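Proteins get letters first, then strands, A, B, ... in listed order; numbering begins at 1 in each. Note that the structure is a prediction, hence the values are computed from the model and not measured. Values reported hereafter were calculated over all heavy atoms of this structure, with side chains retained and with hydrogens, waters and symmetry mates removed.
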Amino acid sequence: MPVDVEARVIRNTRLSSEYNVLALAAPEIAAATAPGQFVMVKLGRGSTPLLRRPFSVFEVLRTNGRVDGLTLLSKRVGVTTQMLFDAVEGDVVSCLGPLGRPYTPVDPPADAWMVAGGVGLAPFATLAEVLLARGTGVTLFYGARTARDLFYLDWFRDRGVRLSLATEDGSLGDHGRVTAPLERALAGAAGRTVMVYACGPEPMLEAVARLAAKYQRPSEVSVERVMGCGLGGCYSCVIPIRDGPKGHHYVRSCLGGPVFAGDQIAWDR
Amino acid sequence: MPVDVEARVIRNTRLSSEYNVLALAAPEIAAATAPGQFVMVKLGRGSTPLLRRPFSVFEVLRTNGRVDGLTLLSKRVGVTTQMLFDAVEGDVVSCLGPLGRPYTPVDPPADAWMVAGGVGLAPFATLAEVLLARGTGVTLFYGARTARDLFYLDWFRDRGVRLSLATEDGSLGDHGRVTAPLERALAGAAGRTVMVYACGPEPMLEAVARLAAKYQRPSEVSVERVMGCGLGGCYSCVIPIRDGPKGHHYVRSCLGGPVFAGDQIAWDR
Amino acid sequence: MTDLSIQIGPLTLKNPIIAASGCFGYGVEYAGVVDLSLLGGVAVKGLFLAPREGHPPERIVETPAGMLNAIGLQGIGVHRFIAEKLPELRDRRATVIVNICGSTLEEYVELARILSDAEGVAALELNISCPNIKEGGITFGCSLTGTYDVVSAVKKVTPLPVIPKLTPNVTDVASFARASEDAGADAVSLVNTFLAMAIDVETRRPKLSNIVGGLSGPAIRPIAVRMVYECRRTVKIPIIGMGGIASATDALEFMIAGADAVQVGTANFVDPFIWTKLLDGIRDYLGRHNIARVRELTGTIDTTAREKEWISS
Amino acid sequence: MTDLSIQIGPLTLKNPIIAASGCFGYGVEYAGVVDLSLLGGVAVKGLFLAPREGHPPERIVETPAGMLNAIGLQGIGVHRFIAEKLPELRDRRATVIVNICGSTLEEYVELARILSDAEGVAALELNISCPNIKEGGITFGCSLTGTYDVVSAVKKVTPLPVIPKLTPNVTDVASFARASEDAGADAVSLVNTFLAMAIDVETRRPKLSNIVGGLSGPAIRPIAVRMVYECRRTVKIPIIGMGGIASATDALEFMIAGADAVQVGTANFVDPFIWTKLLDGIRDYLGRHNIARVRELTGTIDTTAREKEWISS
Ligand SMILES: Cc1cc2nc3c(=O)[nH]c(=O)nc-3n(C[C@H](O)[C@H](O)[C@H](O)COP(=O)(O)OP(=O)(O)OC[C@H]3O[C@@H](n4cnc5c(N)ncnc54)[C@H](O)[C@@H]3O)c2cc1C
Ligand SMILES: Cc1cc2nc3c(=O)[nH]c(=O)nc-3n(C[C@H](O)[C@H](O)[C@H](O)COP(=O)(O)OP(=O)(O)OC[C@H]3O[C@@H](n4cnc5c(N)ncnc54)[C@H](O)[C@@H]3O)c2cc1C
Ligand SMILES: Cc1cc2nc3c(=O)[nH]c(=O)nc-3n(C[C@H](O)[C@H](O)[C@H](O)COP(=O)(O)O)c2cc1C
Ligand SMILES: Cc1cc2nc3c(=O)[nH]c(=O)nc-3n(C[C@H](O)[C@H](O)[C@H](O)COP(=O)(O)O)c2cc1C
Ligand code: FES
Ligand code: FES
C-alpha cells in the first residue's frame with residue numbers, strides 16, 4: 001500500500017544545469033520500493049502546480065544498513081522539475097509511493113542488460129543493486145546527448161556494472177544512439193541468456209523492444225506517460241497493449257506499468 | 001512614478017507568532033517613499049496567490065546615510081502574509097511602489113499625535129522621522145490586544161516620541177481601547193494646535209476621526225481597503241467620500257488615499 | 001454527536017462526501033488507501049453498455065489551478081462492471097452510485113434496467129454532460145426537453161434514485177435543474193467539467209489528442225458555487241455540488257450555497273488521503289458552530305448586508 | 001522587421017495587444033508606467049451615459065488562479081469622459097477603444113452617437129456581457145436577437161468600428177459571434193467574465209457585496225481559448241480574444257486558436273509593466289518561427305495527429 005510522506009529534503013546535488021539528485025527523508029517509501037517503481041511528488045502550497053508528478057526512485061539511501069531515504073534523479077523540463085532543481089535542505093516535498101509494477105529481476109546464468117536514455121537512467125541504480133545481490137551480471141547501455149550528460153558512471157563501475165556508453169555528439173563512447181552498441185552486443189551474444197531492461201524516450205524503448213525481439217531476447221521497458229494520479233483513478237496514463245495480432249486496448253501505465261514486457265506494447269498505435 | 005523591484009530579503013525578524021518585520025533591498029522605492037505610502041508585493045511564482053497585496057512602508061533603511069532598503073511590518077492573516085512571515089534571507093519579493101497619497105506632516109508649533117491600532121503602527125515610523133526632523137513634537141497613541149503585541153516601543157522612545165499605550169486586556173497602559181487615552185489627551189489639550197494621524201482598523205479610524213472633529217482638530221486617517229492593483233486600474237479599493245451633507249461618492253483609496261482627511265469620509269455608508 | 005447523514009430521495013448517505021465519477025476509477029483502485037465504507041458514496045467511472053476504448057493520449061493537461069481531461073470514457077461496459085467490480089465494492093460496503101452514459105435514450109433506459117437488477121447499486125447518476133465525447137449524452141444535457149425526457153424515461157424503469165448530472169456549459173443551469181425536478185429526478189448533481197482547450201504554441205497543436213476537453217479543479221470552483229446557488233433557489237430536490245473542492249472549507253462553501261452533498265474529483269488525484277481530512281474538517285466546523293446535523297447547513301447563505309466590526313488587530 | 005499590425009475593419013492597430021476594459025482605468029492612470037502609444041489599443045472602463053456609483057465594497061475577491069469582481073461599473077459617464085479623459089488620451093497618442101454599456105438599446109445608440117462626434121475615439125466595444133449588473137446589457141448579450149438588434153442599431157449611427165463583447169455565460173458562444181457578424185459588427189471581443197461567487201464559510205456571507213461577480217484571470221483561460229477557437233470556425237470577422245492572458249505565450253495561444261488581437265485585464269493588476277514584455281515575447285516568437293506578420297498566426301492551430309519524436313533527453 002502506498003503512503004504519503006511529507007519528506008524533508010536531505011540534500012540537493014546539482015549534476016549539471018539541467019539535472020539534479022534530490023535526497024528525501026522518506027524511509028517508509030524507500031524501504032518498500034522495488035526497482036522501477038515510482039513516487040508521485042508535489043511541491044509548494046496552493047494550486048500551481050496542481051497535480052503531482054511521477055518520478056522513479058533513483059537510489060535507496062542507507063545509513064549503517066538502515067534505510068533512511070531515497071533520491072530522485074530529475075531533469076529540469078517544467079514547473080515541478082524546476083522546483084526540484086531549486087529545492088534546498090529542509091524544504092518539504094510531498095511524496096506518495098511506492099507505486100506501479102516494477103522490473104522483474106533475473107537470476108544467473110541470465111545476464112541483465114539495462115538500456116538507459118538520458119534521465120531514463122533513474123530506475124537502474126536500484127535495479128542494478130538488486131541484480132548484483134542475486135549474482136546476476138549487469139551491463140548498462142547508457143546514451144545521452146553529450147558526455148557531460150552521462151552521470152553516475154563511477155557509481156555503476158564501482159559496483160561491478162559493465163558500461164557501454166553512447167553520445168549523440170560522439171564526445172564519449174559510441175557516436176550516435178545507444179541502440180547501436182546494444183545491437184552489436186545482441187548480435188554477438190549467441191547462446192547467452194539475456195534480459196533487456198529499458199527506460200528512456202519512447203522511440204528508444206520501441207527500438208530496444210524491436211531489437212530484443214529480433215534477437216529473440218525478452219525485454220522490459222518502463223514507459224513515461226503523463227500521469228494525473230498514479231493510482232488508477234484518472235485513466236490519463238494509458239498505453240496501447242496488443243490484443244491479438246492487430247488489435248490493442250489501453251492499459252493504465254500507473255497500474256499495469258510503468259514496466260511492461262516490450263512485446264506487449266502496440267508500438268504502432 | 002512607481003517602480004517594480006525584484007527585492008531581495010535582507011532579513012526577516014519575527015516579532016511574535018503573528019508579526020514580523022521583513023527587510024527588503026529596494027532602495028529605489030525606499031528613497032522615494034513619503035510617510036503613509038505603500039507598496040504592492042507579490043511572492044512566489046505562478047498564480048496562487050494571484051494578486052499583489054498592499055503594505056505600508058514601515059522603515060526606510062540607511063547605511064552610512066545611504067538609503068539601501070525598506071522594511072514591512074506584517075501581520076499573518078492569510079496566504080501572502082504567511083509567505084512574508086516564512087521568507088528567508090535571499091528570497092525575492094516583487095515590490096511595486098511607492099504608491100498612494102501620503103500623510104501631510106505638520107510643522108511646529110503644531111503637535112503631531114499618531115494613533116495606531118495593531119499593525120496600523122506601520123506608517124508611523126517613517127512619519128515620526130519626518131516630523132521629528134521638522135522639530136515637531138510627536139506622541140504615539142498605540143493600542144493592541146495585549147502587551148506582547150506592542151512593538152518597537154524603544155525605537156519610538158529612543159527618538160523622542162512620547163508614548164501613550166493601551167491594551168484590551170490591560171496588560172500594559174490603558175485598559176481598553178486606544179481612543180480612551182486619545183480622548184483624555186484631546187480634552188486636556190485646550191489651546192494647542194494638534195494634528196491627529198491614525199492608522200488601524202476602520203472602526204478605530206472612524207472613532208478617531210469623530211473624536212478629532214469633536215475637539216475641532218484636523219485628522220488624517222489611512223484606510224485599508226482590499227486592493228487589486230494599487231494603481232487606479234480596478235476600482236476595488238473605493239471608500240465613500242462625503243458629497244454635500246448627505247451624499248457620498250466612491251473614491252479609489254489607492255489613488256485618492258490611502259490617507260484621507262478624517263472628515264472627508266462618509267463613515268455612515 | 002454530529003449527524004453527518006443526508007438524504008437523497010429514499011437513500012440515506014452516511015455523510016455528504018462522495019467520490020466524483022471518473023476521478024476514482026471503479027472505486028476498487030482506492031480500497032488500499034481509503035476505507036470505502038467511510039465515504040458517503042462512490043460515484044464510479046461513467047459506464048456505457050459496451051466497453052469503450054477512450055481517446056488516445058494525451059488525455060490530460062494541467063492548467064492554472066485546474067486540469068483538462070479528454071479521457072473519452074474509456075471503460076469496461078456495464079456487464080463487466082457488474083461481474084468484476086460490483087462484488088468487491090459490495091464486500092467493502094461502499095455506497096455505489098453508478099454514473100451511466102448513452103448515445104440514445106434507449107441506452108440510458110437499458111443501462112438503468114440492468115443496474116436495477118444488480119445487487120449493491122445505491123443510485124444512478126445520469127451523465128448527460130460529458131463535454132468531450134459526442135455521444136456522451138451532452139445532446140440531452142444541453143436541451144431542456146432532452147433532459148426531461150431522459151430523466152422521466154429512466155425513472156419509469158428503475159426504483160433506484162435517479163440523479164441527472166448537469167453540464168455547466170449552458171446559459172441557465174437552473175432551468176435544467178427545474179426540468180430534472182419536473183421529470184421526477186431524486187436529486188441533481190452539478191457541475192460536470194467546462195469545455196476548454198489548451199494549445200502548445202511551439203508546435204501549434206492542441207495539447208489534448210481530442211483537441212477539447214473538460215476543465216476541472218479549483219479554477220472552476222467559484223462558477224460551480226454560483227450554479228449550485230442558482231439551482232438551490234429554483235428546485236427543492238437535493239443538490240449534489242462539485243467543482244474544485246479541495247478542502248473541508250470548500251465543501252462547506254458548496255453546502256452553504258445550497259448543496260446537500262458534494263463530490264470531490266480532481267483533488268483526489270492530488271491527495272488520495274483527502275477523505276478523512278474532509279470528514280474531520282466538516283465535523284470540526286459543525287462542532288465549532290454548534291450545528292448538530294450537517295443537513296441544517298444546506299442553503300444557509302446569509303445575503304443580508306454586513307456590519308463593520310472593530311477587530312483590534 | 002516583424003509586422004505586428006492587425007486590422008479591425010477600417011482600423012489598423014499597430015500591434016495586437018490591447019488593455020482590457022475595466023482593468024486599465026481610463027488609461028490615463030497608467031500613463032506613468034507605460035507609454036500608452038505603444039499599445040495596440042486601450043479599452044477604457046465601461047461607460048454609461050450618466051455617471052454611476054457602482055457597488056459597495058467588497059468588490060473583488062481572489063480565487064484559485066483568478067479573481068471575482070463586482071465593481072458595478074462605477075464610472076464618470078460619457079460626457080465627463082470626453083471632457084476630462086479623452087484629451088489626455090489623445091495627447092498621449094493612445095488608440096482608444098471605448099467600452100459602452102446601456103440599459104436600453106436607445107442608450108447604446110445615444111452613446112455611439114456622442115462618441116462618434118468626439119475626437120480621438122478609434123472604436124466602440126459594446127459591453128453586452130457584464131455579468132454583475134442587471135442593466136449592463138447582459139439581457140442583450142444572452143439573446144441572439146438582442147445581440148443582433150443592438151449591433152445593427154449602433155452600426156447605423158456610427159462610422160466607428162463596432163465590436164460587441166460577448167459573454168461566456170452561454171451555451172453556444174459562436175452563435176452570438178455569428179449574430180454579431182450578421183448584424184454588421186466589425187469584430188467581436190470575447191470573453192467577458194464568468195458569473196461566479198465565493199462564500200465566507202465562517203460568516204456564511206458572500207464575499208462580494210453584490211453576492212455574485214465575474215471570474216477573470218488565468219483560471220478561465222482554457223475555456224476562453226476554446227470559445228475563441230469555436231468562434232473562429234464560425235465567423236470571418238476579426239476576433240479579439242481574452243481571458244487570463246498573463247504572458248506572451250498565453251497571447252500567442254489565443255491567436256493560434258483564432259484571435260486577431262488580444263486583450264489583457266487581470267494580469268495588468270499583477271504586473272503593470274507587462275506590456276513591453278508581451279510585445280517583446282511576441283516579437284521573439286515570430287522571429288524564432290520565421291513569421292513575418294503577426295496576422296499570419298491567426299487561427300493556425302494544427303489539428304492533424306502528431307508524430308512521436310525521439311528526443312534524446
Ligand atoms: C513512471 C514515470 C517515472 C518518471 N521518472 C522520472 C525521473 O526519474 N526523473 C525525471 O526527471 N523525470 C521522470 N519522469 C518524467 C517526469 O514525470 C516529468 O518530467 C515531469 O512530470 C515534468 O513535470 P514538470 O512540472 O517539471 O513539467 P511540466 O511543466 O508539467 O511539463 C513539462 C513537460 O513535461 C511533460 N509532463 C508533464 N507532466 C507529466 C507527467 N505527469 N508525466 C510525464 N510527463 C509529464 C509535459 O508533457 C511537458 O512536455 C517520469 C515519468 C513517469 C511517468
Ligand atoms: C494601504 C494598505 C496598507 C497596508 N499595510 C499593511 C501593513 O503595513 N502591514 C500589514 O500586515 N498589513 C497591511 N495591510 C493589510 C494587508 O494588505 C492585508 O493583510 C493583506 O493583503 C492580506 O493578504 P494575505 O494574502 O495574507 O491574506 P488573504 O489570504 O488574501 O486574506 C486574509 C484576509 O485579509 C484580507 N485582505 C485580502 N487581500 C487584501 C487586500 N489586498 N487589502 C486589504 N485586505 C486584504 C481579506 O479580506 C481576508 O480577510 C495594508 C492594507 C492596505 C490597503
Ligand atoms: C479525469 C476525469 C474524468 C471524469 N470522468 C467523468 C465521468 O466518467 N462521468 C462524469 O459524470 N463526470 C466525469 N468527470 C467530471 C467529474 O466527476 C466532476 O464533475 C468534475 O471533475 C468537477 O469536479 P472536480 O473539480 O472536483 O474534479 C471527470 C473528471 C475528470 C477530471
Ligand atoms: C475589475 C474588472 C473590471 C472589469 N470591467 C469591465 C468593463 O467595464 N467592461 C467590460 O467589457 N469588461 C470588464 N471587465 C472584463 C475584462 O475586460 C475581461 O473581459 C475579463 O477580465 C477577462 O480578461 P482577463 O482574464 O485578462 O482579466 C472587467 C474585469 C475586471 C477584472
Ligand atoms: S495516472 Fe491516473 S490512472 Fe494512471
Ligand atoms: S486598488 Fe485597483 S483601483 Fe485601487
Under 4.5 Å heavy-atom distance to chain D, tell me which part of C:E202 shows up: side chain, backbone, both or neither. both
Shorter than 4.5 Å, heavy atoms on both sides: which option in D:R221, D:H289, D:M227 has the most such pairs with chain C? D:H289
Please determine which of D:D302, D:T300, D:T303 meets the side-chain hydrogen bond (donor to acceptor under 3.5 Å, both in side chains) test together with C:R204. D:T300
Drop me the distance from D:T249's OG1 to C:D200's CG, to the nearest 0.5 angstrom. 9.5 Å
Considering only heavy atoms, give the residues of residues 262-270 of chain C separated from chain D by less than 4.5 Å, sorted numerically, with 'none' for an empty result. none
Under a 4.5 Å cut-off applied to non-hydrogen side-chain atoms, are D:R226 and C:L215 in contact? no
Please classify the contact between C:F254 and chain D as side chain, backbone, both or neither, with a heavy-atom cut-off of under 4.5 Å. neither
Relative to chain D, which segment of C:L252 carries a heavy atom at a distance below 4.5 Å: side chain, backbone, both, or neither? both
So which heavy atom on D:L195 is nearest to which on C:I223, and how close? O-CG2, 3.5 Å
Taking all heavy atoms of C:E253 and all of D:A198, pick out the closest pair and write down the distance. OE2-CA, 3.1 Å
Note, C:Y229 side chain near D:I211 side chain (heavy atom, < 4.5 Å): yes
What residue in D:A224, D:P64, D:A219 has the most heavy-atom pairs under 4.5 Å with chain C? D:P64
What's the shortest heavy-atom distance between C:Y285 and D:V201, and which atoms? OH-O, 2.5 Å
Would a 4.5 Å heavy-atom cut-off, applied to side chains only, mark C:I301 and D:M197 as touching? yes
